[in-house]
Each structure stands twice: as C-alpha cells, then as structure tokens.
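Accompanying notes for the structure given below.
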Amino acid sequence: MCRYAAVVLLLFFGNVFHLSHSTQVNVTDKDGKLCLYANLTASFSVSYEVIPDKNITVSFELPKNVTTEGSQCDTKSSTLKLNFGEGHSLSMNFTMNGKVYQADSITFSYNLSDSVRFPNSLLNETVSVTTKPQITNVGVDTCYSCKSKDLIQADLVNVTLSDVLIQAFVSNGSKSEQITSCKADQPTTPAPPTTHSTNATTPPPTTTPTPTPTLPTPTTGKYSINTVNSTACLLANFGLRIGLKQGEKYQEINLEPNMTKATGSCGANSSELQLTSNSMTIMFSFTSDTTKFRLHALNFTTKTSSGAEFSEVNTNLSLWEATIGSSYMCNKEQNYTITSLLTLYTFNLQVQPFKVTKNAFSTAEECQADAESFIVPIAVGVALLVLILIVLLAYFIGRKRNMATGYESF
Ligand SMILES: *[C@@H]1O[C@H](CO)[C@@H](O)[C@H](O)[C@H]1NC(C)=O
Ligand SMILES: *[C@@H]1O[C@H](CO)[C@@H](O)[C@H](O)[C@H]1NC(C)=O
Ligand SMILES: *[C@@H]1O[C@H](CO)[C@@H](O)[C@H](O)[C@H]1NC(C)=O
Ligand SMILES: *[C@@H]1O[C@H](CO)[C@@H](O)[C@H](O)[C@H]1NC(C)=O
Ligand SMILES: *[C@@H]1O[C@H](CO)[C@@H](O)[C@H](O)[C@H]1NC(C)=O
Ligand SMILES: *[C@@H]1O[C@H](CO)[C@@H](O)[C@H](O)[C@H]1NC(C)=O
Ligand SMILES: *[C@@H]1O[C@H](CO)[C@@H](O)[C@H](O)[C@H]1NC(C)=O
Ligand SMILES: *[C@@H]1O[C@H](CO)[C@@H](O)[C@H](O)[C@H]1NC(C)=O
Ligand SMILES: *[C@@H]1O[C@H](CO)[C@@H](O)[C@H](O)[C@H]1NC(C)=O
Ligand SMILES: *[C@@H]1O[C@H](CO)[C@@H](O)[C@H](O)[C@H]1NC(C)=O
C-alpha cells in the first residue's frame, strides 16, 4: 500500500517537475552584449493527420535545451527564435514603439517528418502557424512578466505559455529588474487609486502606459430636471467625455446619453444635476449669486476594476458662468481639469440651471472659444464688403470719366 502510494507520489512529482521546467535563453548582439533575455515555459498541443480525415493530437513541451539561431536584436525590432528537436521552433517578433514595446507575432513551426513527436504522420512537411499574442504596452527597459497561463489557439495547434519573463530590448547589457506584469497576473484587488502613497524610491510594480484610443465624439445628451409641476427648471445639453487616471492607467470614457439617467433638484440659489450611467455617477452643483450662476462643484464616482468606490470631487470650481435668466453655451470642444486625476471634455454644451421658462433655454451667453470662431467669418464678411465698395466706386468713377471724355470727343 505504502509502496504504491510512494510510486504514485513519485510519478506525480516527477510529472510536475517535468511540467514546470523552464527554458532560459540569452541572446547577445554582435558585440557579445546581452540584448534579449527570455525565460519561459511553453507546451504545445498539435493535431495532425494519420490517415486521411483522421487526426490525432499530441502534446509536448519546449525542452530546456534550445538553440537561438535566427534570434536577433535591433533598437526598433527584435526576434526571439527558440529552435528545438528535428526542425521545430517557437519565435516571437517584438517592436519598439516610443516608450513601450510589444510582441507583434508568435510563430510556431513544427516538422511533421519528426516521427518521434508526430508518429505516423501522413504529411512530412514543416507547418508554421502565426498568431498575435497579448503582449503589449511593455514599458521600455522593463521585463514582461506573466506567470499565469496564456493559451494561444490556432486551427490545429494550441500553445500554452506560462512563467514568462522576457525583455525584448535590453539596453545596457543587463536584464532590467523592473517588471511589466500581464493583466492576468495583476491582483484583483488593487489598492484604491485615490491613496497617493507612492514611494518615490521604489518603482511601481506595473508600468502600463496605455495609449489612449481615439474615441468618437460623444453623443449630445439632453437632460432636464422638472419641478413638481413637471415644468423644466434645469436644462443641460452636452456630449460628455471623462478622462480618468486610475493608478498607472489613463482612460477616456464617453457618456452614452441613452444609458444615462438624470436626476436632481432646483433651488433658489443652488441647483443640482446628477447623471447616472451603469458605470459612473456625475453630480454637477450650480450656485448663483445675485447676478450670475456658475458650476461650483463636481463629484464624480465610479467603481474600480476591483469594485471599490472611486470618487473625485472638486467643490471650488467656477465654470460655465453666465447671467441668471440666460443660458451658458459652448459648442466647441472644451476640456476642464477637475482634479489631477479627472478631466472633463464637453461638446455642444448648453446649460441653464436657474430661471428656466417655458421648458426652453433662454438667450445664450457664449463662451470665448465660440465667440472667437465668429471673428473670422465677420472679418471675411467685412473684407468682402470693402471689396464690393471699391469695385462699385471704381465702376462709377470709370463711368464718370468715360462720360466726361465722351463729351470732350464731341
Ligand atoms: C524534419 O525532420 C526530418 C526527419 O527527422 C529531418 O530529416 C529534416 O531535416 C527536418 N526538417 C527540417 C527543416 O529541419
Ligand atoms: C514528403 O512526402 C512526399 C510525398 O508525399 C515525398 O515526395 C517527399 O520526398 C517527402 N519528403 C521528405 C523530406 O521526406
Ligand atoms: C486547443 O484548446 C481548445 C480549448 O481548450 C480545445 O478545444 C482544442 O481541442 C485544442 N486543440 C488542440 C489542437 O489541442
Ligand atoms: C519607501 O522605501 C524605503 C526603501 O525602499 C522604505 O524603507 C520605506 O519604508 C518606504 N516607505 C513607504 C511609505 O513605503
Ligand atoms: C406650479 O404651477 C403654478 C401655476 O401653474 C405656479 O403658480 C407654481 O409656482 C408652480 N410651482 C412650482 C414649484 O413651480
Ligand atoms: C445608444 O445610442 C447608440 C448610438 O449613439 C446606439 O448605437 C445604441 O444602440 C443605443 N443603445 C440603446 C440601448 O438604445
Ligand atoms: C441664497 O438664497 C437665500 C434666500 O433664498 C439668501 O438669503 C442667501 O443669501 C443666498 N445665498 C447666496 C450665496 O446667494
Ligand atoms: C461624492 O459622491 C459620493 C457618492 O455619491 C459620496 O459618497 C461622497 O460623499 C460625495 N462627495 C462629496 C464631497 O460630495
Ligand atoms: C479655490 O479656488 C481659488 C481660485 O480659483 C483659490 O484661490 C482658492 O484657494 C481655492 N480654494 C480651495 C479651498 O481650494
Ligand atoms: C484642452 O484645451 C486646450 C485649449 O482650450 C487645448 O490647447 C488642449 O490641447 C486641450 N487638451 C486636450 C487634452 O484636449
């Protein structure tokens, strides 16, 4: 009994040990300096034909001993090629893009003539499959690290990478100690981003400078708050985009008006508009004094990826100012830094938080940016008018001269 258990345990651990061996390579440049470092575990699962229309699947691993012929490094691009067995290889191409690098492709080539790994294969050729891995936004001079399993699927092949540590661009001959962790490795409960306890001496564990994708212009939402009489007391039309920094991540989100609920209240000298979507809540607080109103406070609340509440508040704003009884308007795209972590972008803005009559905006007071856009058309108009006057003047003068000379010629 005991002996059986021991054998089973031995087999089990033997297997585990076998499974977890990793392959480490150092690629050097022409001067013999380290330029690409990789340490990873890879396993392959390949389906191949043994008799027509009958496939079998074999699995094997990247052995510890590989060669790196075909690997090369450059400042802007590099290739890691791990050759093993009878003409099999796993390779990755990396490119540098500014402050980050990424893997553009991963190629697995296997030689079906290898009768040890592919017994009874009908075909004898070398097959290559290429896919795009999820290795992006790796900070320059950092190692990409991914302990989690990453399954790369292709038609007849699965490649599973794990315990990956790669620095595709080693700058000064030695591997960086800094790490860019893959998403799968990142803790599911990150520290709330509002706590600014960054230790300047220790680098942050993850550096993921996300280049912001260009969002379409947000749809202009039309929001209103009604009194008990269901007449509007606050009107707000705008397209809204939120720029948000959470930890190392900056993202921009458009507010979708058709998924947004507007609530609020109107008071004698303060009105509130609260917009709630499934992902965020924005509270706009307007105040008025005897003559003017303004956006005085903004409270933005969202949830972090871990589900923790994340709030950014500024109660000392003085935006969107206009005379009471009129509305504030700004059609041009505007950006407002609300806090160091929160930026607001508005499009086609018109608000009236006080003294709304007949459910419609009163006369608009336009922002500087809109006013400036009028100056050019006005200038062009004036110039045209002057030109027309000159032409007319020239015509009449010419006519007079002609008539005068006409009389003389008689
Ligand atoms: C494929 O395997 C066969 C048999 O092992 C070998 O002769 C051949 O050289 C291999 N092809 C490549 C491209 O290495
Ligand atoms: C591969 O198979 C074809 C026929 O299917 C044969 O003509 C060719 O010689 C084989 N090549 C190798 C390297 O075995
Ligand atoms: C690859 O993985 C998927 C999902 O686990 C599986 O359905 C498929 O059969 C695998 N293919 C091969 C060739 O192992
Ligand atoms: C900052 O790092 C230093 C040295 O790494 C450490 O002694 C100190 O406790 C750290 N401070 C905080 C606030 O983490
Ligand atoms: C409701 O409407 C009546 C007239 O229709 C008006 O006198 C009253 O002030 C309104 N109340 C509010 C809260 O607007
Ligand atoms: C919301 O509006 C967008 C376009 O602005 C549209 O694509 C989407 O289907 C709408 N969603 C709903 C639930 O109406
Ligand atoms: C707000 O309104 C009340 C009366 O309704 C007035 O006494 C107070 O001075 C106003 N506050 C401001 C800041 O204008
Ligand atoms: C901002 O809104 C959140 C959620 O509604 C709330 O918990 C927080 O107290 C508000 N902060 C301020 C300053 O109003
Ligand atoms: C509010 O803003 C004004 C100027 O915009 C500034 O002078 C004042 O210190 C700010 N107050 C607070 C509490 O931030
Ligand atoms: C914010 O607006 C200013 C002009 O008002 C513009 O120069 C700047 O590029 C804008 N910033 C962004 C991030 O759009």
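Order of listing sets the numbers, starting from 1, for every ligand and every atom in it. The figures that follow rest on heavy atoms only: side chains count, while hydrogens, waters and symmetry mates do not. Fair warning: this is a prediction, and the values are worked out from it, not measured in the lab.
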Who's the nearest protein heavy-atom neighbour of [atom], and how far?
atom	answer
atom 11 (N) of ligand 1	Asn111 ND2, 2.7 Å
atom 4 (C) of ligand 1	Ser113 O, 3.7 Å
atom 14 (O) of ligand 10	Asn335 ND2, 3.3 Å
atom 13 (C) of ligand 10	Tyr345 OH, 3.6 Å

Under a 4.5 Å cut-off applied to non-hydrogen side-chain atoms, are Leu165 and Lys175 in contact?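 Yes - at least one pair of side-chain heavy atoms lies under 4.5 Å apart.
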
Thr315 to ligand 8: N or O pair under 3.5 Å?
->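 No: no nitrogen or oxygen of Thr315 is under 3.5 Å from one in ligand 8.
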
Subset of ligand 8 atoms that lie under 4.0 Å from at least one heavy atom of Thr301
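Close to Thr301: 2 (O), 3 (C), 4 (C).
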
Which of the atoms in ligand 8, numbered in the order shown and given with their element, are less than 4.0 Å from a heavy-atom of Val313?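 Contacts of ligand 8 toward Val313, numbered from 1: 11 (N), 13 (C).
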
Can you figure out which of Asn314, Thr281, Ile282, Asn299 has its heavy atom closest to atom 10 (C) of ligand 8?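 Selected option, by shortest heavy-atom distance: Asn299.
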
Check your understanding: Which is it for Gln134 and Ile152 under the side-chain contact (heavy atoms from CB on, under 4.5 Å) test, yes or no, and what are the steps along the way?
Key -> CA-CA 9 Å; Gln134 297 283 317; Ile152 298 164; over 6 Å; no

Next on the checklist: I'd like to check which ligand 1 atoms, numbered from 1 as shown, lie under 4.0 Å from a non-hydrogen atom of Gly87.
Outcome noted: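 In order of number, 14 (O).
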
Taking it one step at a time, do Ser22 and Asp163 satisfy side-chain contact (heavy atoms from CB on, under 4.5 Å)? CA-CA 8 Å; Ser22 63; Asp163 289 316; 5.6 Å; no

Taking the six-membered ring for Trp, is the centroid-to-centroid distance between Tyr110 and Phe60 below 6.0 Å?
->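 Ring centres of Phe60 and Tyr110 not closer than 6.0 Å.
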
So, do Phe286 and Tyr328 have ring centers that fall under 6.0 Å from each other?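 Between Tyr328 and Phe286, which both carry aromatic rings, the centre distance is not below 6.0 Å.
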
For atom 2 (O) of ligand 10, is the nearest protein heavy atom under 4.0 Å away?
->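 So atom 2 (O) of ligand 10 has protein heavy-atom neighbours under 4.0 Å.
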
**Study point:** atom 7 (O) of ligand 1 protein-contacted, heavy-atom criterion under 4.0 angstrom
**Key:**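 Protein heavy atoms within 4.0 Å of atom 7 (O) of ligand 1 - there are none.
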
Requested in this report: Could you go through the side-chain hydrogen bond (donor to acceptor under 3.5 Å, both in side chains) check for Gln352 and Ser362 one step at a time?
Outcome: CA-CA 8 Å; Gln352 187 169 351; Ser362 310; 3.0 Å; yes

